Amino acid sequence: LGSYEINASMIGYGIYKEQIMLFEGETVRLDIRLKEEAIQTSEILVTAERQKFERSMESSQISLNLREINSAPAFVEPDVFRTLQMLPGVQTTSDYSSALYVRGSTPDQNLIMLDGIAIYNPYHLGGIFSTFNTDAIKEADFHAGGFPARYGGRMGAILNVINREGNTQKIKGAANISLISTKVLLEGPIPKWKGMKGSWMVSGRRTYFDKVVGALKIPIGTKSDGTNSYLSFPYYFYDYQMKVNVDLSQDHRLTYSRFYGDDILDFSFPSQTYEIYDIISDYYEESKESFSINWPWGNHTNSLTWRWLISPQLVARTFVANSRYRLHFDMDFIYEGNWSMGNETGSYMDRFTFDFYDVVDDKTLETELSWHGLNNHQLMGGLQVKQVDYDLGMEFEYENLDTIIYAKPLEMKDQTVETSIFLQDKWDITPKLAVQVGARVMDYSLHDDLYLDPRFGLKYLLQQDLSLKFTLGRYHQFLTIANPEDETLRIIDFWLGIPADRAAPWADHAILGVEYL
């Protein structure tokens, strides 16, 4: 009760101050927008880290912002995966791989998300680069273990990369040219209309080794027609991501997020023509052969999130998303020709094609409620339904003038549905002691059993800047990959659902830690 002064500050922005009056039983909501302002004093007051330290219950959780990611040593350009590899308990198989091995878990046991959307192959160029363009990243939330009940389906670690919201004041842009790629970012406000407002962000990246090598025109030989043959680089990757926020009113917000990225390997030998002529037998033969490989792979995601402030104590969040990972390896070899001997003529042709493909199509619906109506309690619960379609296959065809041989030795199609209900309560027992209790109940469509994953966390403040944490939990997983666990160069992943005759793998996490701010 009484009069209070509200101060809000952030580095690079001016301080916001406002006097408010509070009366008994009244809730006051403030929407604050800070204005950019140069720092004029040497004294800086930072409060965000203090709040995170006091509220965080997980003992193995860390948030990385863009500044920390850009300041970490990088292989060629800043990379969130390279930054995470410097953390304790996080390893990789080689200096050339971005795949994360967290406390003994394999890369497929880590849930990698972009704005909450699962990414099934988060690497470019065999793991040398991650899928995420750092210019568009706001922060990366990483859980090395002991993650809360809202996350499930994996038993290793959690990484949720959050994109920038977009500038709400003016249109801004930036470009970055490195040794291997060019990156562009644009952001700005959405014009206000009938009380609605918002922001947008679009970012894109592409490598250009293929363009540079082609422009240099380095000769490597001569074609059959006498023209020069030039060196080419058959590989490139590109990706773009966008995010749009629309405040329908002060209580409703819609957020659309999209990611589209592909690796492209397009390789072909120029058609070669050969001639044979025998004067004695009057035999003439002309043949031509060609060979090509077309191999695209990548991720396409879309999501829509609706956040509803039902009351100052109750917040609802509904999330619908689609994530598709696909690869298609197509090889084509053709050998054909014509011959003549005297008055006799003939032709021949041999063609061999080989196709290998893998498609993972993930459709997710999730709704979550957060309630702060009880004193010293923060309740959270929700429902998640995830349908994953798997399509893995291989086929080849041999053809000549007389015969066509077709075979499909591999064809695996499957559909799995994971239905999960989760509930969690954070209870501040005393100013120094807090307990977090939760559970996740899961149903997997190929199994008859229900899976229960209990979660428990405890935090005790030993001093103002020192806390003791303990986390305990069980974690099940319902998908895996067919790749070797120790492969050095991870170009692609072959995802499969856990079959009906196999038990779901699980892991128990027990973590004791000390945190100092």
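Note that these values count all heavy atoms, side chains included, but never hydrogens, waters or copies made by symmetry. Predicted model, so just to flag it, every value in this text is computed and none were measured.
Electrostatic pairing of Arg33 and Asp31 does not count as a salt bridge here, judged by no charged N lying under 4.0 Å from a carboxylate O. Between Asp239 and Arg205 there is a salt bridge, since a side-chain N of the basic residue sits under 4.0 Å from a carboxylate O of the acidic one. One finds a salt bridge joining Asp247 and Arg253 here, because a Lys/Arg side-chain nitrogen approaches an Asp/Glu carboxylate oxygen to under 4.0 Å.
The shortest heavy-atom contact between Ala316 and Leu369 is CB-CD2, 3.4 Å. Taking both residues in full, the closest heavy atoms of Asp115 and Asn163 are given as OD1-N, 3.0 Å, listed atom of the first, atom of the second, then distance. For Met201 against Gly166, the heavy-atom pair with the smallest separation is CB-CA, 4.1 Å. The two atoms that bring Ala439 and Leu452 nearest to each other are CB-CD1, 4.1 Å, heavy atoms only. Nearest approach of Val385 to Thr419, heavy atoms of both residues: CG2-CG2, 4.2 Å. Pairing each heavy atom of Asp358 with each of Phe494, the nearest pair is OD2-CA, 3.4 Å.
In this structure, the side chains of Ile481 and Leu496 stay at 4.5 Å or more apart for every pair of heavy atoms. In this structure, Leu472 and Asp508 have side chains that are not in contact, with every pair of non-hydrogen atoms separated by 4.5 Å or more. Side-chain contact check for His252 versus Leu254: every heavy-atom pair is 4.5 Å or farther apart. Between Leu304 and Val320 the shortest side-chain heavy-atom distance falls below 4.5 Å. Put simply, the side chain of Ile112 reaches to within 4.5 Å of the side chain of Phe132, judged on heavy atoms. Counting heavy atoms from C-beta on, the side chains of Leu309 and Arg29 come closer than 4.5 Å. For the pair Val90/Phe142, a side-chain contact is recorded, criterion being any heavy-atom separation below 4.5 Å from C-beta on. The closest side-chain heavy-atom distance from Leu100 to Leu84 is below 4.5 Å.
How far CZ of Arg258 is from OH of Tyr256: 4.5 Å, rounded to the nearest 0.5 Å. We find the CH2-CG distance between Trp200 and Asn167 to be 9.5 Å, quoted to the nearest 0.5 Å. Considering NZ of Lys17 and CD1 of Ile6, their distance stands at 12.5 Å, rounded to 0.5 Å. To the nearest 0.5 Å, atoms CD (Glu515) and NZ (Lys469) are separated by 3.5 Å. For the atom pair Leu479 CG and Gln109 CD, the distance stands at 10.0 Å (nearest 0.5 Å). Atom-to-atom distance recorded for Glu139:CD and Leu66:CG is 11.0 Å, nearest 0.5 angstrom.
Checking Asp362 against Thr364 by side-chain atom types alone, a donor-acceptor pair falls below 3.5 Å. Side-chain atoms of Ser63 and Gln61 include a donor-acceptor pair closer than 3.5 Å. Side chains of Ser203 and Asn133: a donor on one and an acceptor on the other come within 3.5 Å. Looking only at atom types and distance, the side chain of Asp251 has no donor-acceptor partner in the side chain of Ser249 under 3.5 Å away. In the model, Asp465 has no side-chain atom that pairs as donor or acceptor with a side-chain atom of Tyr516 under 3.5 Å. In this structure, a donor-acceptor pair under 3.5 Å is present between the side chains of Asp389 and Gln415.
Below 30°, between 30° and 60°, or above 60°: for Tyr151 and Phe147 the angle between ring planes is above 60°, a perpendicular geometry. By the 30° and 60° cut-offs, the orientation of the rings of Tyr475 relative to His509 is tilted. Between Phe478 and Tyr451, the ring planes are perpendicular. Angles over 60° get that label, and only those under 30° would be called parallel. Between Phe81 and Tyr123, the ring-plane angle classifies as perpendicular under the 30° and 60° cut-offs.
Using a distance-only test at 3.5 Å, with no hydrogens or angles considered, no donor-acceptor pair links the side chain of Ser467 to the main chain of Gln463. A donor-acceptor contact shorter than 3.5 Å is absent between the side chain of Trp495 and the backbone of Thr480. Using modelled atom types, no side-chain atom of His143 and backbone atom of Gly156 make a donor-acceptor pair closer than 3.5 Å. Checking side-chain atoms of Gln424 against main-chain N and O of Ala149 turns up a donor-acceptor pair under 3.5 Å. Under the 3.5 Å distance criterion, the side-chain polar atoms of Ser199 are matched with a main-chain donor or acceptor of Glu165. The backbone N or O of Asn121 lies less than 3.5 Å from a partner atom in the side chain of Asn299, making a donor-acceptor pair.
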Between Ile162 and Lys243, does the side chain to side chain contact (heavy atoms under 4.5 Å, CB included) criterion hold? Intermediate values first, please.
CA-CA 10 Å; Ile162 302 172; Lys243 192 171 186 178; 4.0 Å; yes
Does the side chain to side chain contact (heavy atoms under 4.5 Å, CB included) test come out yes or no for Thr301 and Gln241, once each step is laid out?
CA-CA 9 Å; Thr301 70; Gln241 50 210 76; over 6 Å; no
Under the side chain to side chain contact (heavy atoms under 4.5 Å, CB included) rule, what do Met442 and His447 come out as? Steps first, then yes or no, please.
CA-CA 11 Å; Met442 294 166 292; His447 292 171; over 6 Å; no
For Ile158 and Glu58, what are the C-alpha separation, side-chain angles and deciding distance, and is it a side chain to side chain contact (heavy atoms under 4.5 Å, CB included)?
CA-CA 12 Å; Ile158 302 291; Glu58 289 81 33; over 6 Å; no
Apply salt bridge (charged side-chain N to carboxylate O under 4.0 Å, His left out) to the pair Lys386 and Glu366, showing each step before the final yes or no.
CA-CA 8 Å; Lys386 180 184 291 287; Glu366 180 178 320; over 6 Å; no
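In this structure Tyr260 satisfies the ring pair (Phe, Tyr, Trp, His ring centres under 6.0 Å) test together with Tyr240, His300, sequence neighbours excluded. A search for side-chain contact (heavy atoms from CB on, under 4.5 Å) contacts involving Tyr460 returns Lys432, Leu433, Leu462, not counting sequence neighbours. Residues forming a ring pair (Phe, Tyr, Trp, His ring centres under 6.0 Å) with Phe470 (at least two apart in sequence, or on another chain): none. With sequence neighbours left out, Arg154 forms a side chain to side chain donor-acceptor pair (under 3.5 Å) with no residue at all. For Phe319, the ring pair (Phe, Tyr, Trp, His ring centres under 6.0 Å) criterion is met by no residue, not counting sequence neighbours.
The side chain to side chain donor-acceptor pair (under 3.5 Å) pairs that include a residue from residues 183-193 are Arg164-Glu187, where partners are two or more places apart or lie in different chains.
Heavy-atom contacts from other residues, nucleotides or ligands closer than 6.0 Å to CG of Leu512 number more than 12. Counting heavy-atom neighbours within 6.0 Å of Gln91 CD, excluding the residue itself, gives a total of 12 or less. Atom CG of Asp501 has more than 12 heavy atoms from other residues, nucleotides or ligands within 6.0 Å. In Met196, the CE atom is crowded: over 12 heavy atoms of neighbouring residues, nucleotides or ligands sit closer than 6.0 Å. Within a 6.0 Å sphere centred on CZ of Arg67, other residues, nucleotides and ligands contribute 12 heavy atoms or fewer.
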